[in-house]
Amino acid sequence: MQWYPRDAGAFLSSSFDGLVNVWDCNRFESVYTFNLDEMVYSFALSQHATSHTLAAVACYGGSVRLCDLQGGTSAATLTAHEGDV
């Protein structure tokens, strides 16, 4: 779990079921879910980014997926790693 750095009323969570959820604290519900179809180990958000809304998500198959929180899509997959990330 990590608070969204640009909005104190939102946070992200991930789990081994392959889901990354964006939560709205004002609505008390998940407002968007990324289904990455593989086990998620962790994710990170830049505390200093001002020009993008990307989350880097470390996955079971050795990939790092970049999820665009504003666009609601998995923007890119980085695959230059063997084994778990």
Side-chain angles (χ1 to χ4, degrees):
M1 184 225 145
Q2 183 178 350
W3 290 104
Y4 184 56
R6 297 170 83 185
D7 181 357
F11 67 92
L12 279 74
S13 67
S14 66
S15 62
F16 284 165
D17 63 2
L19 301 179
V20 175
N21 287 295
V22 180
W23 298 88
D24 183 335
C25 294
N26 297 317
R27 294 169 51 183
F28 300 108
E29 64 185 11
S30 173
V31 293
Y32 195 82
T33 300
F34 293 91
N35 186 350
L36 301 179
D37 293 324
E38 59 184 326
M39 191 180 306
V40 173
Y41 284 129
S42 65
F43 67 91
L45 298 165
S46 172
Q47 298 296 317
H48 306 289
T50 58
S51 62
H52 70 76
T53 55
L54 297 175
V57 182
C59 298
Y60 171 77
S63 65
V64 175
R65 306 274 295 270
L66 298 178
C67 296
D68 183 354
L69 305 179
Q70 189 170 24
T73 61
S74 179
T77 301
L78 309 174
T79 58
H81 184 347
E82 289 187 28
D84 301 340
V85 177

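Just so you know, residue 1 is the first one in the sequence shown, and it goes up from there. Being a predicted model, the structure only gives us computed values, none of them experimental.
Contact detail for Ser14 and Ser42: the closest heavy-atom pair is OG-CA, 4.5 Å. Residues Phe16 and Val40 approach most closely at CD2-O, 3.2 Å, considering heavy atoms. Of all heavy-atom pairs between Asn26 and Asp24, the closest is N-OD1, 2.8 Å.
To the nearest 0.5 Å, atom CG of residue Leu45 and atom CG of residue Leu54 are 9.5 Å apart. Atom CG of Asn21 sits about 3.5 Å away from atom OG1 of Thr33, to the nearest 0.5 Å.
Taking the six-membered ring where the residue is Trp, Trp23 and Phe11 present parallel rings, their angle staying beneath 30° rather than reaching 60°.
Under a hydrophobic-cluster definition in which Ile, Leu, Val, Met, Phe, Trp and Tyr are linked whenever side-chain heavy atoms come within less than 4.5 Å, directly or via other members, Phe34 and Val31 are assigned to the same cluster.
Side chains of Ser63 and Glu38 form a contact here, defined as non-hydrogen atoms less than 4.5 Å apart. Considering only heavy atoms from C-beta on, Tyr41 stays 4.5 Å or farther from Val57 through its side chain. In this structure the side chain of Leu36 reaches within 4.5 angstrom of the side chain of Cys59, judged on heavy atoms. Between Val20 and Leu12, the closest side-chain pair of non-hydrogen atoms falls below 4.5 Å.
A donor-acceptor contact shorter than 3.5 Å is absent between the side chain of Arg65 and the backbone of Ala56.
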